[in-house]
Amino acid sequence: MPFIALVVAALAIGFEQFVQSKLGAMGIIALVAMTLGIKAKNVTLGGTGAVILVLLLTQSG
């Protein structure tokens, strides 16, 4: 169990670094909003974060 938690944490940190390097501060804000929305079961906040991430990804691509 602790090994799985370490792997998941490493993947999350790696994804966060990827988002920050590609999308900057706005990408981190969107990622945090989406994460908080999912954890708090707030569809509006999670959806807003997801939409901002998608818009940033399509803009930079």
Side-chain angles (χ1 to χ4, degrees):
M1 182 70 174
F3 179 72
I4 294 172
L6 284 173
V7 170
V8 170
L11 288 174
I13 291 171
F15 183 70
E16 181 182 347
Q17 292 298 321
F18 168 76
V19 168
Q20 186 175 10
S21 69
K22 286 285 194 183
L23 305 175
M26 194 62 188
I28 293 297
I29 292 170
L31 184 64
V32 168
M34 188 176 72
T35 304
L36 288 175
I38 291 170
K39 287 192 182 281
K41 294 187 171 122
N42 185 338
V43 176
T44 304
L45 185 60
T48 302
V51 167
I52 293 171
L53 271 178
V54 167
L55 289 174
L56 288 171
L57 285 171
T58 56
Q59 177 185 10
S60 67

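Here, residue 1 is the first one in the sequence, and each next residue gets the next number.
Closest approach of Gly46 and Met34 over heavy atoms only: O-CG, 3.7 Å. Smallest separation of non-hydrogen atoms from Leu23 and Leu57: CD1-CD2, 4.0 Å. When all heavy atoms of Gly49 and Ala33 are compared, the closest pair comes out as CA-CB, 4.1 Å. Residue Gly27 comes nearest to Leu53 through the heavy atom pair O-CD2, 3.9 Å, listed as atom of the first residue, atom of the second, then distance. Of all non-hydrogen atoms in Leu31 and Glu16, the two that sit nearest each other are CD2-CA, 4.1 Å.
Val54 belongs to no multi-residue hydrophobic cluster, having no ILVMFWY side-chain contact under 4.5 Å with any other such residue. Other cluster members for Ile4: Val8, joined by side-chain heavy-atom distances under 4.5 Å among Ile, Leu, Val, Met, Phe, Trp and Tyr. The other members of the hydrophobic cluster of Phe3, by chain and number, are Val7, Leu11 (side-chain heavy atoms under 4.5 Å, ILVMFWY only).
Listed by chain and residue number, Asn42, Thr48 satisfy the side chain to side chain contact (heavy atoms under 4.5 Å, CB included) test with Thr44 (two or more places apart in sequence, or in another chain). By the side chain to side chain contact (heavy atoms under 4.5 Å, CB included) test, Leu36 is found to be paired with Val32, Leu45, residues two or more places apart in sequence or in another chain being considered.
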